[in-house]
There are 2 protein chains.
Amino acid sequence: MRIGELAKRVGCDVETVRYYEKEGLLAKPNRESSGYRDYGAADLETLQFIRHCRSLGIKLTEIKQLLNFRCRPEEDCSGVNALLDIQITRVEEQITAMGLLKAQLQSLRKECEHRQTNRECGILQSLNQMRQCPCHRNEVG
Amino acid sequence: MRIGELAKRVGCDVETVRYYEKEGLLAKPNRESSGYRDYGAADLETLQFIRHCRSLGIKLTEIKQLLNFRCRPEEDCSGVNALLDIQITRVEEQITAMGLLKAQLQSLRKECEHRQTNRECGILQSLNQMRQCPCHRNEVG
DNA sequence: ACTTGACCCTGTAGTTGCTACAGGGTGTGC
DNA sequence: GCACACCCTGTAGCAACTACAGGGTCAAGT
């Protein structure tokens with residue numbers, strides 16, 4: 001099949017497919033006499049694998065590793081497990097960080113519950129001050 | 001003060017300060033006869049404001065808006081509040097998305113609790129299949 | 001035979017918020 | 001007069017695409 005059909009089947013852009021090829025995630029396909037790329041079922045499967053990984057937030061360099069694991073079926077799969085654990089840890093860290101961020105934003109939001117001018121606005125004032133921030137550590141008061 | 005001192009005081013890189021100037025967040029400062037940038041207290045405050053916003057995950061384009069609000073003290077501050085609400089909503093959406101991601105990764109992780117080969121590894125198999133994924137909707141079975 | 005339109009090709013620039021140079025000039029202390 | 005820290009401009013890199021520009025190919029319709 002040609003690149004357009006392949007892309008449509010997995011639901012991504014044609015450019016994305018070419019990008020994966022350039023990045024070495026997809027093998028260079030055969031070409032028709034016209035120069036058009038010609039893909040087979042195996043390419044479709046690989047591309048689906050890649051897109052699944054991407055939908056889980058896995059980075060391209062890590063997907064490359066997973067593709068390598070997939071190419072070595074007899075090897076012990078502890079590498080796969082370790083890579084997945086890294087993903088989970090990363091997501092957990094991000095959730096924690098985002099939770100903190102949310103709390104900070106919400107407490108900042110409470111600084112201005114009433115309609116007033118920018119001069120009086122507690123949010124803008126807090127963004128000016130933020131004494132708990134390390135960049136104020138050398139200030140007096 | 002010179003750019004190095006300014007950067008040190010807020011805890012960012014010299015390059016970051018120049019970058020903010022290029023992006024129009026910091027005004028172009030006076031120059032010494034040597035050509036060195038010469039900053040005052042107001043520049044320090046603005047830079048601190050910017051860094052506080054950045055630590056809250058606010059984008060540069062939105063920080064620009066906040067700086068504009070700050071420059072118009074008599075204006076009604078509803079724009080500030082609206083901008084902050086957007087931040088909170090965004091963070092909440094990201095937290096939800098990351099929570100989903102974490103659940104998917106954890107369920108995937110459970111596909112392989114035992115030491116085995118890549119061929120048998122439930123994780124790699126799931127990444128190949130993932131029937132619930134829209135990219136498989138045209139397949140038989 | 002000719003044209004239209006959909007598809008394909010390569011290559012490059014843009015996105016975001018910096019970071020890291022390269023290749024030069026300036027200032028200060030010894 | 002020299003070393004060294006600091007400053008300057010400009011450009012390239014990161015991640016994972018997206019969006020062209022400027023061309024070639026192919027199939028159907030007239």
Side-chain angles (χ1 to χ4, degrees), chain A residues 1-26 28-39 43 46-67 86-87 90-91 94 97 101 135, chain B residues 1-26 28-40 43 46-67 86-87 90-91 94 97-98 101 135:
Chain A
M1 83 198 83
R2 308 226 265 235
I3 198 170
E5 189 186 341
L6 181 72
K8 200 174 168 190
R9 282 224 217 172
V10 302
C12 75
D13 279 2
V14 164
E15 281 95 343
T16 304
V17 177
R18 285 197 284 250
Y19 175 71
Y20 289 157
E21 180 185 325
K22 199 180 63 145
E23 294 299 305
L25 287 143
L26 277 175
K28 294 193 176 183
N30 293 329
R31 300 285 181 137
E32 299 176 7
S33 56
S34 60
Y36 290 5
R37 287 171 180 81
D38 186 18
Y39 294 100
D43 298 306
T46 303
L47 183 53
Q48 281 169 337
F49 183 93
I50 295 168
R51 295 305 293 174
H52 295 155
C53 292
R54 286 298 297 129
S55 76
L56 293 169
I58 303 176
K59 294 179 184 177
L60 295 192
T61 51
E62 293 164 332
I63 296 174
K64 242 186 230 181
Q65 293 177 45
L66 287 174
L67 288 169
I86 289 170
Q87 306 307 312
R90 179 157 63 210
V91 170
Q94 285 175 356
L101 215 55
C135 79
Chain B
M1 82 198 83
R2 306 227 265 237
I3 198 169
E5 189 186 341
L6 181 72
K8 199 174 168 189
R9 282 225 218 170
V10 302
C12 75
D13 279 2
V14 164
E15 282 95 343
T16 304
V17 178
R18 285 196 284 251
Y19 175 70
Y20 289 158
E21 180 184 324
K22 198 180 62 143
E23 293 299 305
L25 288 141
L26 277 175
K28 294 193 176 183
N30 294 329
R31 299 285 181 137
E32 299 176 7
S33 56
S34 59
Y36 290 6
R37 288 172 178 81
D38 186 17
Y39 294 100
D43 298 306
T46 303
L47 184 54
Q48 281 169 336
F49 183 94
I50 295 169
R51 296 303 294 173
H52 294 154
C53 291
R54 286 297 299 129
S55 76
L56 293 168
I58 303 176
K59 295 179 183 176
L60 295 192
T61 52
E62 294 164 331
I63 297 174
K64 244 187 228 180
Q65 293 177 47
L66 288 173
L67 288 168
I86 288 171
Q87 307 306 311
R90 179 157 60 210
V91 170
Q94 284 175 357
M98 301 297 286
L101 215 55
C135 81

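Naming: A, B, ... by sequence-line order, numbering from 1 per chain. Below, each value reflects all heavy atoms present in this structure, side chains not excepted, and no hydrogens, waters or symmetry copies.
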Kindly give the heavy-atom pair with the smallest separation between P29(B) and E21(B), and that separation in Å.
-> CD-OE1, 3.5 Å

Distance-only side-chain donor-acceptor flag, Q48(B) / R51(B), under 3.5 Å | no

Enter the distance from R54(B):CZ to L47(B):CG here, rounded to the nearest 0.5 Å.
-> 12.5 Å

Using atom CD of E15(B) as one end and atom P of dT16(C) as the other, report the distance to the nearest whole Å.
-> 21 Å

Specify the separation, in whole Å, of atom CZ of R37(B) and atom P of dC8(D).
-> 4 Å

What's the closest nucleotide to the T16(A) side chain, out of dG27(C), dC7(C), dC17(D)?
-> dC17(D)

Nearest nucleotide by nearest heavy atom, which residue falls closer to the 5' end of DNA chain C, E32(B) or I58(B)?
-> I58(B)

Atom-to-atom span, CD of E23(A) to P of dG13(D) - whole angstrom = 13 Å

DNA chain D nearest-nucleotide lookup for D13(A) and S33(A): closer to the 5′ end is D13(A)

Closer than 4.0 Å, any side-chain N/O of R18(B) to the OP1 or OP2 of dT9(D)?
-> no

Quick one: closest heavy-atom pair of A7(A) and V14(A), and the distance?
-> CB-N, 3.8 Å

Polar side-chain contact Y20(B)-dG17(C) base: donor and acceptor under 3.5 Å = no

Measure the distance from CG on L47(A) to C1' on dC17(D) and round it to the nearest whole Å.
-> 14 Å

Residue closer to the 5' end of DNA chain D, R2(A) versus L60(A) (nearest nucleotide) | L60(A)

Protein-nucleotide distance (E21(B), atom CD; dC7(D), atom P), rounded to Å = 14 Å

Which whole-number value in Å describes the distance from R54(A) CZ to dT18(D) C1'?
-> 14 Å

In whole angstroms, how far is the P atom of dT26(C) from the CD1 atom of I3(B)?
-> 17 Å

Nearest-Å distance, CG (N30(B)) to C1' (dC8(D))?
-> 17 Å

Could you say whether V14(A) or Y19(B) is positioned toward the 5' end of DNA chain C, judged by the nucleotide with the nearest heavy atom to each?
-> V14(A)

Consider the side chain of R51(B), meaning its heavy atoms from C-beta on, and name the nucleotide among dC18(C), dC9(C), dG17(C) that approaches it most closely.
-> dC18(C)

Does the R2(A) side chain pair with the main chain of L6(A), one donor and one acceptor, at a distance under 3.5 Å?
-> no

